[in-house]
Amino acid sequence: MKQFNIKSFALFLAAASFLPQVQGFSQVTDTLVTEPVVVIDPDSAYAALSEPEKRFSRNAVAGIKVADGLEATLFASEPNVINPINIDVDHRGRVWVCEAYNYRPAVNGKSELGMGDRILILEDKDGDGKADVTKVFYQGPEINAPLGIWVMGNKAIVSQSPYVWLFTDTNGDDKADTKEILFKGIGGVQSDAGVHAFVFGPDGKFYFNFGNAGRQLVDGQDRPLLDKYERPIDFRQFKQGVVFRCEQDFTKVEIMAENFRNGFEVAVDSYGTMWQSDQEEPGNGSDRISYVMENGNFGYIDEMTGASWRLNRTNLEDEIPRRHWHQNDPGVVPDLLQTGSGFPMGMTIYEGELLPRRYWDQILLADAGQRYVNAFPVEVDGAGYKSTGILPIVEGTRDKWFRPTDVCVAPDGSLIISDWYDPVIGSNQMKDKSRGRIFRVAPPGVPYTIPVFDLTNPEEAVKALQSPNLSMRYLAWNACVKHGWNAEPFLEELFNRYNANPKLRARALWVLNRIEGFNYRALDIGFRHLNPNIRITALRAVRQRNSDPTEYIKRLTADPDPQVRRECALAINHNHTYEALDVWLQLAKQYKGNDRWTVEALSIGAFDQWERIFPAWLERQKGKPTATDAGKDIIWLARTRQAIPYLTEAAADTSVDFKSRLRYFRAFDFFRAGYEKSQALLNVLSVPASDRIEVSKLALLHLDKSFVKNSQQGLSALNKLLDETYGTEHYIDLMTRYELESENDRLLKMALDKSDEVLGRDAGALLLEQAGISYVTQKLAGMNEAKKIALLASIQTVGSSESVYLLRSAAVNPDESVAVRKNAAKFLGASWPGEETVVKLLLDDRLAGEVKEGALDGVRNAFREDIKAQLAPYFPKPAVQEAEAAPQKPASRKERRKRRRS
């Protein structure tokens with residue numbers, strides 16, 4: 001027998017991922033053990049591979065860390081699959097892949113093949129968890145970096161702005177025979193924020209979304225879309241990224257929620273609850289996961305002005321992740337959690353039972369930026385939810401190229417994960433266009449066995465409805481509905497089964513709700529069910545069945561569970577009946593405060609009805625409406641001028657600390673200018689308190705500018721506060737808002753007195769902006785040397801064409817003193833446009849002596865590489881560099897020999 005090194009062989013096994021942990025050789029055969037037990041660390045084994053070896057697909061599994069109780073296998077890889085951006089798993093366990101080889105050709109180069117992207121079908125025929133067959137379902141020049149795929153039997157929906165395509169295989173050869181445009185006109189061509197994948201909901205409808213580049217869509221014949229009320233959808237009413245729902249024939253499109261940035265995929269659980277991740281503006285730690293509350297505003301941009309989250313506003317959130325989504329604004333649904341800075345993409349709800357129990361019914365998210373597929377468990381929190389931690393599934397802790405783009409649940413309950421596999425993500429870039437991986441994750445040793453159901457048999461169809469796989473559930477759902485009364489006994493047995501998972505009961509209820517001639521028996525049971533999620537499902541189901549479900553809503557209005565009452569509030573959105581008013585009032589009466597989810601649901605229920613709801617609510621208040629936390633919350637959200645006096649009262653309540661009252665001042669921003677608002681804010685100005693200056697400033701900042709300037713009362717209040725705050729940041733804030741010419745001389749004095757402080761530079765910038773260059777030029781002409789330098793210093797960071805002109809003129813003016821010229825030249829370097837001016841002056845040889853020294857001093861710490869390169873010749877080289885650059889005397893033969901020896 002040949003001799004070999006057992007440690008080296010164990011290392012090889014670990015690197016090739018045959019053994020996650022090798023302990024000697026006793027796991028293979030006891031007769032070969034001649035050395036002590038050796039434990040091989042997977043991290044060390046992978047690190048021992050060369051860089052090219054790490055890229056080999058045979059080492060793909062060794063490059064990822066899999067959670068305890070799970071095993072990953074490589075289902076497919078390059079060259080069979082390239083750049084998989086989205087996947088789906090059909091009822092036969094086959095993996096359908098959207099490739100994105102042609103992603104952003106302007107950035108990453110055009111395809112050498114000159115062809116469009118592929119839609120692939122990968123099939124594992126022998127159940128070993130590895131694809132044996134790869135088929136091209138469709139490839140064409142019109143398919144360029146699609147973002148989503150949904151498979152339903154012999155059909156596939158492919159989402160790619162500006163189109164949503166429907167491909168159909170009519171003869172069963174796994175090739176698309178027909179192609180139809182379902183929707184078109186969608187923005188975001190070759191953008192991550194265009195239209196994304198469709199998914200199947202338990203109600204038999206399709207859910208999909210687009211990011212903030214989508215903007216609008218029409219049907220395949222360029223006709224405007226009609227909502228469930230047969231009204232054309234006006235996309236101008238909706239903001240940024242949007243979540244949609246539609247029927248299976250792609251009619252009755254509903255907008256379910258708005259104002260996301262770029263939610264990549266909607267996930268819908270068996271109760272009909274929607275979940276979605278959302279991508280931040282990169283670098284702010286603000287990626288998030290949201291419970292998608294129906295008809296909610298999710299706060300990416302300012303609701304009233306459309307302003308970015310970066311702009312200053314009253315009651316600004318302390319943390320940037322919350323600030324990014326306007327979480328302190330009334331009318332914004334709270335986030336479930338923020339997940340940091342990454343690139344969240346595919347998402348699903350795991351409703352299988354093959355994985356360990358800790359993953360059951362949890363949100364699964366693939367984040368290509370942070371290189372993980374994780375579960376995010378949630379639990380009930382009042383009328384909403386809260387996150388309880390993170391459960392890792394697969395992490396790219398070793399292989400930094402691991403870029404998971406999607407995660408799907410196969411019919412056997414295992415996970416299928418797509419990996420873009422690239423060293424970079426984001427910025428529209430990719431560096432390697434030749435790779436891609438698909439992984440299967442399951443408990444160790446579990447074969448890939450796909451259950452088979454005869455959907456022509458009603459009992460079998462109901463069994464198939466219990467599948468963890470969405471494509472199988474889609475076929476089963478439609479089969480059950482088609483069977484109708486024949487399927488009802490089996491559906492009712494599942495719905496009433498005492499030990500069934502409540503989510504399976506909910507699925508049965510959804511189907512029973514759609515069977516023609518259904519007698520409402522199961523719905524009646526659902527409304528009385530002990531599980532609040534079943535009661536919620538019953539309410540959602542009946543809303544889709546009845547044009548006016550108010551009678552059913554009223555049955556749950558006094559429900560003890562706040563989640564059920566939340567659903568009642570959402571159910572009366574756009575319901576203008578008297579019964580709906582009574583429902584809202586009963587729900588509001590039960591609200592005790594301190595539950596943002598409840599109050600936002602009440603706000604959604606009252607949308608466009610505040611004028612009748614608020615006075616009715618006031619009539620039912622026994623004491624002061626502002627006396628309770630619940631009352632203050634409703635006043636904070638109410639969008640009617642009738643709420644303004646009470647909002648004023650809450651804002652002026654000196655028994656509450658100032659920071660807690662900021663929310664009420666922010667609420668004034670959600671009213672258009674009007675007499676009631678103006679008078680209310682003026683009244684706040686007169687309230688005596690220790691924080692009167694801060695309160696008065698806020699009131700003036702929220703008043704309409706023209707009202708203050710044209711009102712004696714408003715102008716007097718403004719001038720009084722300007723006197724009281726002169727020389728402070730409050731004064732600058734007020735002047736920025738009101739731009740009073742009468743204050744120019746005081747602004748000038750402040751700029752001169754504090755020219756070496758931030759406040760002085762703010763004053764100088766404001767003075768130049770509102771008084772103009774002629775005013776500043778005139779003042780400069782009459783000043784002594786010290787004041788000229790101070791005034792020029794106050795405008796050094798402005799960077800406008802006017803400020804640069806003034807500084808340049810002073811720097812090159814021979815009539816000015818050397819001190820003025822030198823300082824002006826130095827001040828130019830405080831802004832980027834000023835740096836560019838300095839470069840030009842140096843190139844034109846316009847500066848000399850001390851003035852040139854001042855200019856170089858100002859740009860010594862220039863940030864931009866191109867500016868530093870242009871300035872380099874004007875700075876003396878360091879002594880070391882000079883020594884290296886100086887001609888060297890040739891070394892003697894003796895010296896050369898000595899160097900070689902050393």
Side-chain angles (χ1 to χ4, degrees), residues 91 150 152-153 155 198-207 228 245-254 268-274 294 351 451 453-531 533-553 555-556 567 571:
H91 64 292
W150 153 245
M152 39 187 184
K155 300 176 184 289
F198 282 57
V199 296
F200 179 68
D203 51 359
K205 296 186 178 184
F206 293 146
Y207 293 74
K228 62 181 180 180
R245 178 170 69 189
C246 68
E247 296 287 351
Q248 288 188 29
D249 62 359
F250 309 104
T251 62
K252 297 182 179 177
V253 176
E254 302 173 72
V268 189
D269 66 24
S270 289
Y271 305 122
T273 304
M274 299 172 287
E294 188 176 340
E351 296 188 350
F453 301 97
D454 178 10
L455 298 183
T456 63
N457 181 311
E459 185 176 7
E460 288 278 292
V462 174
K463 289 180 180 179
L465 186 68
Q466 301 170 55
S467 170
N469 172 257
L470 283 179
S471 291
M472 176 59 80
R473 297 214 298 259
Y474 162 82
L475 295 174
W477 191 95
N478 284 285
C480 289
V481 171
K482 185 177 180 180
H483 286 307
W485 288 94
N486 292 326
E488 185 179 354
F490 306 106
L491 289 166
E492 289 195 332
E493 188 277 329
L494 174 61
F495 175 65
N496 293 308
R497 192 184 301 167
Y498 78 93
N499 60 348
N501 186 315
K503 291 194 174 182
L504 300 183
R505 294 183 176 188
R507 290 183 208 169
L509 183 59
W510 281 114
V511 179
L512 285 167
N513 185 58
R514 290 293 285 260
I515 291 178
E516 205 61 43
F518 176 54
N519 61 13
Y520 289 92
R521 182 170 58 249
L523 271 178
D524 287 336
I525 296 173
F527 276 104
R528 301 191 305 271
H529 204 281
L530 290 176
N531 189 314
N533 281 313
I534 299 298
R535 303 199 293 276
I536 288 172
T537 302
L539 179 55
R540 289 171 175 169
V542 81
R543 286 177 60 200
Q544 294 193 16
R545 187 178 183 88
N546 292 63
S547 57
D548 182 9
T550 312
E551 286 302 316
Y552 289 91
I553 299 171
R555 294 173 62 174
L556 298 176
E567 208 62 29

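Just so it is clear, the structure is predicted and the values come from calculations on it, not from any experiment. Note that these values count all heavy atoms, side chains included, but never hydrogens, waters or copies made by symmetry. For this chain, numbers begin at 1 and follow the sequence in order.
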- Query: Between F200 and W150, how do the two ring planes meet: parallel, tilted or perpendicular, split at 30° and 60°?
  - Reply: parallel
- Message: So, applying side chain to side chain donor-acceptor pair (under 3.5 Å) with S270, which one of Q466, E351, R505 is it?
- Response: E351
Give, for atom [atom1] of [X] and atom [atom2] of [Y], the distance between the pair rounded to the nearest 0.5 Å.
X    : Y    : atom1 : atom2 : answer
L491 : E459 : CG    : CD    : 11.0 Å
K463 : L455 : NZ    : CG    : 12.5 Å
D269 : N533 : CG    : CG    : 7.5 Å
N457 : F490 : CG    : CZ    : 7.0 Å
R543 : D548 : CZ    : CG    : 11.5 Å

Quick check: do [X] and [Y] have side-chain heavy atoms less than 4.5 Å from each other?
X    : Y    : result
M274 : R245 : no
Q248 : M152 : no
P502 : Y271 : yes
Y207 : V268 : yes
V511 : R507 : no
L465 : W477 : yes
D524 : R555 : yes

Minimal non-hydrogen separation, [X] against [Y], with atom names:
X    : Y    : answer
A506 : T537 : CB-OG1, 3.9 Å
L509 : I534 : CD2-O, 4.3 Å
F250 : C246 : CA-SG, 4.0 Å
A487 : C480 : CB-O, 3.7 Å
F527 : Y552 : CE1-CD2, 3.4 Å
M472 : A464 : CG-O, 3.6 Å

- Carboxylate-amine/guanidinium proximity below 4.0 Å for R540 and E294: no
- Query: Will you find, in the side chains of N469 and S467, an N or O donor that is under 3.5 Å from an N or O acceptor?
  - Reply: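 The answer is no; no qualifying pair exists.
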- Query: Under 3.5 Å, is there a donor-acceptor pair between the side chain of R514 and the main chain of R545?
  - Reply: no
- Query: Is a side-chain donor or acceptor of E488 paired with a backbone partner of G484 at a separation under 3.5 angstrom?
  - Reply: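 No, the answer is negative, given that no donor and acceptor are paired below the 3.5 Å cut-off.
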- Query: Can Q544 and N513 be said to form a side-chain hydrogen bond (donor to acceptor under 3.5 Å, both in side chains), step by step?
  - Reply: CA-CA 9 Å; Q544 294 193 16; N513 185 58; 5.6 Å; no
